[in-house]
Each structure stands twice: as structure tokens, then as C-alpha cells.
Amino acid sequence: MDTDRERHRARETAFYLFTQQSLPACKPVLTPGWVIAIFLFMGVIFIPVGLISLRASHCVVEIVDRYDIDCVPEPSRMDKVSYIQDDSIPKNCSHFMKPVPPITWKVSCISPYAEPYTFSSAVITRHYTAVKTATEYVKSRSDKQLLDGQKYHDTSSCQPVESNNNRPIVPCGLIAWSLFNDTFEFIREGAELKVNRKNIAWKSDRGHKFGKNVYPFNFQNGTLIGGGKLNPEIPLSDQEDLIVWMRTSALPSFRKLYGRIEEDLDVDDVVVVNLMNNYNTYSFGGKKKLVLSTSSWLGGKNDFLGHACVFVGCSSLTLAIIFMLLHVKYRRPYGDMSYLPWNRKSFSG
């Protein structure tokens with residue numbers, strides 16, 4: 001009994017100390033020496049990391065080829081929207097690409113991308129006047145339906161592409177509806193270059209966000225077709241084009257990985273690209289480009305990380321030098337109360 005009372009008293013005492021903020025605590029004080037050392041350490045770390053990142057990014061070589069204009073026949077260039085919406089007109093096109101600068105390219109990645117708007121929001125705005133912002137477009141999806149399929153019935157977030165003929169659409173929403181559907185074939189010296197379309201999506205997305213037993217249902221069966229179609233016999237977890245497309249970009253200009261060429265390209269190789277120009281970016285003045293790129297240990301070409309690290313490192317070194325000069329010029333004993341404003345005033349008075 002006494003033991004229980006003692007425990008209860010100890011709990012009350014600990015609670016009292018906690019509420020009164022009287023518990024023992026470590027309260028580090030940032031002295032001028034510590035501040036200067038921290039900024040120096042940040043500068044020494046961030047500047048080399050930034051320079052290494054920039055070097056890796058500059059080692060990446062890429063060819064960017066805009067094809068949305070050249071792939072429209074001359075008679076149709078005055079009205080590109082009618083051309084892209086007319087199914088009776090063939091959309092096949094050929095382009096020539098040559099590695100520049102003249103070096104041997106190792107394992108290349110291909111990614112088509114659009115600018116200056118996202119594919120989706122402007123296209124959807126044209127067809128559905130209720131959808132006016134990119135925010136509404138990004139919200140038009142159901143992550144639970146992508147994982148559980150028709151077992152999940154609350155798909156109100158997918159409006160206006162929620163159902164068709166009173167039957168649910170899987171996958172629902174404007175993002176899936178606007179799936180990119182241009183296709184590419186690469187020819188070198190008369191032989192087709194094999195493009196690996198596997199593992200282009202994040203492993204976490206394939207394994208945890210798209211159901212292995214969820215199949216497309218009633219998709220692109222309405223009167224208004226948005227983008228590409230899906231094979232109803234392949235589960236969503238294996239439809240990597242869809243998985244890549246569903247990971248929306250935060251910026252208006254973006255790239256989506258199409259596949260990998262797992263063969264080296266030599267100096268004088270000329271790559272013929274046979275493509276199908278199916279996707280409609282003409283309604284909103286967007287652009288479509290094909291990017292043939294090498295890769296580094298950091299991935300594709302991206303100078304932002306390197307510039308950011310160099311900027312942080314240089315700023316840290318600058319602050320360290322400024323604080324060091326101030327500390328040397330206005331050195332004072334640590335904890336000297338006479339430097340407090342009220343003490344200084346009374347002392348001077």
C-alpha cells in the first residue's frame with residue numbers, strides 16, 4: 001500500500017515539475033564560436049557537394065527535338081486542332097536524330113515532355129468549362145480506387161470523369177482520362193533499337209499505389225476521348241505508362257520517362273524516329289518534344305541541385321566570415337550582464 005502511495009506521489013511530483021518546466025534539461029547556448037564553426041562546416045560540406053553535382057549534370061548529354069509542328073502536314077498547319085481531332089488523317093511521322101556532341105553515348109533514356117502548360121489542365125478546360133484550374137485537375141483522381149478497383153465506390157473526387165452509362169470508370173478522373181498516347185519507334189542502320197519500357201515507374205508506386213488485381217473498366221468508352229487507352233487484360237500495377245502519368249508535375253514544363261535504350265550509340269549513328277503524333281497539345285498552344293539523353297549517377301541533366309548546394313555553401317562561408325570579423329572586433333566576455341540594454345542605460349546614467 002505504501003509502495004502505491006509512493007509511486008502516486010512520484011507521478012504527481014514528476015507531473016508538477018513538468019508543468020512548471022522545472023525538469024532537468026539540456027539547454028545548449030549558441031556562442032559566437034559555435035555559430036562560426038557551424039557555418040564553416042556547412043560551407044565546407046555544401047560547396048564540394050554542389051560542384052560534384054554540377055559536374056555530374058554537365059556530363060549528361062541530351063538531344064531535344066520538338067516534333068509537334070513538323071509532324072503536322074503543311075495543308076493542316078493553319079488548323080492544327082482539326083487535324084489532330086480527325087481520325088481519318090494518319091498521324092505517323094519520321095524524324096532524324098544524331099548524337100551531339102560527337103561522342104559515344106552510353107545507355108540512353110527517352111522522355112517526351114510538354115511546355116509551357118501541363119498537358120491536362122488546358123485541354124480539360126477546353127472540353128469541360130467547369131474545370132478552370134490546375135488544382136481541380138490534380139484533385140480529379142481516386143487513389144483508393146487505383147488500389148482497390150470497383151470495390152471502392154466513393155469516387156466523387158473523380159468528377160467529371162467518374163462514370164459512363166451509369167457504370168464506374170476504372171481508373172477514373174481527369175488525370176487518367178488525359179493519358180499521353182504518342183508512340184515512338186527508333187531505327188538505327190535499318191534495325192530497330194529495342195526500348196525497355198519496364199521499370200520506368202517508381203517501385204513504390206507499382207507495389208503500393210496501384211492494385212495488382214485491378215483492371216481497367218469502362219475506360220475511354222464515352223463520346224469524348226481524352227488521351228490514350230489501356231489494355232483491359234493487364235492490371236494497373238503493370239501499366240507503367242499510366243503510373244508514370246499519374247504522378248503529376250508541380251511545374252508547367254515537365255518530362256515523363258518513356259523508356260530506356262540499353263544499347264550504346266556511336267559517334268556517326270543516325271537514329272530515325274518513327275512516331276505517332278496522337279496527343280492534342282494544339283488546343284492550348286502547348287509544345288511536345290522528344291528528349292534523347294544519357295544519364296549519370298544522379299540521373300538526368302539537372303543543374304538545380306548543384307547550384308542550390310553551391311549557393312548555400314557560399315552563403316554559409318560568407319556569414320561565417322562576417323560573424324568572425326564582428327566577433328574579433330567587438331569581443332566581450334561571455335555572460336557579461338553589463339552589456340544588457342537596461343544595465344547599459346543605468347551604467348551610462
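What you see below is based on every heavy atom in this structure, not just the backbone, and it leaves out hydrogens, waters and symmetry mates. Numbering starts at 1 and runs along the sequence shown.
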Query raised in the report: So do Asn231 and Pro216 actually touch side chain to side chain, heavy atoms under 4.5 Å?
Result: no
Requested in this report: Enter the distance from Asn165:CG to Asn218:CG here, rounded to the nearest 0.5 Å.
Outcome: 6.5 Å
Query - Contact check, side chains of Tyr282 and Asp68, non-hydrogen atoms, under 4.5 Å - result: yes
Query - Side-chain donor/acceptor of Lys329 to backbone N/O of Leu326, under 3.5 Å - result: no
Report task. Please check if the side chain of Arg197 supplies one atom and the backbone of Asp241 the other of a donor-acceptor pair under 3.5 Å. Result -> no
Query raised in the report: Is a side-chain donor or acceptor of Asn280 paired with a backbone partner of Ile84 at a separation under 3.5 angstrom?
Result: no
Query raised in the report: Do the charged groups of Asp154 and Lys144 touch, with an N to O distance under 4.0 Å?
Result: no
Query raised in the report: What are the two closest heavy atoms between Val244 and Lys256, and how far apart are they?
Result: O-NZ, 3.1 Å
Query raised in the report: Using 4.0 Å as the upper bound for N to carboxylate O, is an ion pair formed by Glu136 and Lys139?
Result: no
Query - Side chain to side chain, Arg206 and Glu240, heavy atoms closer than 4.5 Å - result: yes
Requested in this report: Give me the one residue out of Met276, Lys288, His95 that meets side chain to side chain contact (heavy atoms under 4.5 Å, CB included) with Cys71.
Outcome: His95
Query raised in the report: Is the side chain of Asn302 donor-acceptor paired with the backbone N or O of Phe304 at a distance under 3.5 Å, no angle test?
Result: yes
Report task. Would you mind telling me which of Val273, Ile187, Leu265, Val272 makes a side chain to side chain contact (heavy atoms under 4.5 Å, CB included) with Leu193? Result -> Leu265
Requested in this report: Mind listing the closest non-hydrogen atom pair of Val49 and Cys309 along with its distance?
Outcome: CG1-SG, 4.1 Å
Query raised in the report: Stepwise, does the side-chain contact (heavy atoms from CB on, under 4.5 Å) test hold for Tyr152 with Ser142?
Result: CA-CA 9 Å; Tyr152 185 76; Ser142 174; 3.7 Å; yes
Report summary line: Distance col, row Leu40:CG vs Ile321:CD1, nearest 0.5 angstrom, shows 8.0 Å
**Report entry** Residue pairs involving residues 206-230 (criterion ring pair (Phe, Tyr, Trp, His ring centres under 6.0 Å); sequence neighbours excluded)
**Finding:** none
Requested in this report: Check whether the side chains of Tyr137 and Ser178 place a donor and an acceptor atom closer than 3.5 Å, and report yes or no.
Outcome: yes
Query raised in the report: Is NZ or CZ of Lys91 both nearer than 6.0 Å to the six-membered ring centre of Tyr279 and within 45° of the ring axis?
Result: no
Query - Full working for side-chain contact (heavy atoms from CB on, under 4.5 Å) between Ser94 and Asn274 - result: CA-CA 5 Å; Ser94 295; Asn274 297 324; 2.8 Å; yes
Query raised in the report: Rounded to the nearest 0.5 Å, how far does OG of Ser237 lie from CG of Leu146?
Result: 11.5 Å
Report task. Establish whether Phe254 and Leu290 are linked, either directly or via other cluster members, by ILVMFWY side-chain heavy-atom contacts under 4.5 Å. Result -> yes
Report summary line: OH (Tyr67) and SG (Cys93) are apart, to the nearest 0.5 Å, by 9.5 Å
Report summary line: Heavy atoms of Val310 and Leu51 approach each other most closely as CG2-N, 4.0 Å
Query raised in the report: Does one hydrophobic cluster hold both Leu54 and Val61, with members joined at side-chain heavy-atom distances below 4.5 Å?
Result: no
**Report entry** Side chain proximity check, Trp245 to Ile175, heavy atoms < 4.5 angstrom
**Finding:** yes
Report summary line: For Val35, the side chain to side chain contact (heavy atoms under 4.5 Å, CB included) test, sequence neighbours excluded, returns Leu30, Phe39, Phe323
Query raised in the report: Do the non-hydrogen side-chain atoms of Leu174 and Pro160 ever get within less than 4.5 Å of each other?
Result: yes
Report summary line: Separation between CD1 (Ile36) and CG (Leu325), nearest 0.5 Å, reads 8.5 Å
Report task. Begin from the C-alpha positions of Asp182 and Leu275 and carry the test side-chain contact (heavy atoms from CB on, under 4.5 Å) through to its verdict. Result -> CA-CA 7 Å; Asp182 285 3; Leu275 60 92; 5.6 Å; no
Report summary line: Closest non-hydrogen atoms of Glu62 and Lys301, given as atom of the first, atom of the second and distance, are OE1-CB, 3.8 Å
Query - Hydrophobic cluster membership, Ile89 vs Val81, 4.5 Å side-chain cutoff - result: yes
Query raised in the report: Ignoring hydrogens and geometry, is there a side-chain-to-backbone donor-acceptor pair from Arg141 to Met246 under 3.5 Å?
Result: yes
Report task. Could you tell me which non-hydrogen atom of Asn277 sits nearest to which non-hydrogen atom of Tyr83, and how far apart they are? Result -> ND2-CE2, 4.1 Å
**Report entry** Residues Lys209, Asp205: salt bridge by 4.0 Å N-O rule
**Finding:** yes
**Report entry** Heavy-atom check, side chain of Lys287 versus side chain of Thr281, under 4.5 Å
**Finding:** no
Report summary line: d(Ile169 CD1, Thr155 OG1) to nearest 0.5 Å is 9.0 Å
Query raised in the report: side-chain hydrogen bond (donor to acceptor under 3.5 Å, both in side chains): which pairs involve residues 37-57, sequence neighbours left out?
Result: Ser57-Asp303
Report task. State plainly whether one hydrophobic cluster holds both Leu305 and Ile47, where clusters connect Ile, Leu, Val, Met, Phe, Trp and Tyr through side-chain heavy atoms under 4.5 angstrom apart. Result -> no
Query raised in the report: Is there a side-chain contact (heavy atoms from CB on, under 4.5 Å) between Ser295 and Val60 once you walk through the steps?
Result: CA-CA 6 Å; Ser295 59; Val60 174; 5.7 Å; no
Query raised in the report: Between Gln220 (side chain) and Lys229 (backbone), is there a donor-acceptor pair under 3.5 Å?
Result: no
**Report entry** Flag if over 12 foreign heavy atoms under 6.0 Å of CG, Asn213
**Finding:** no
Query raised in the report: Which heavy-atom pair separates Gly259 from Val195 by the least distance, and what is that distance?
Result: CA-CG1, 3.8 Å
Report task. State, yes or no, whether a side-chain contact exists between Gln145 and Gln150 at a heavy-atom distance under 4.5 Å. Result -> no
Query raised in the report: Should Glu185 and Glu192 count as side-chain neighbours, where that means a heavy-atom distance under 4.5 Å?
Result: yes
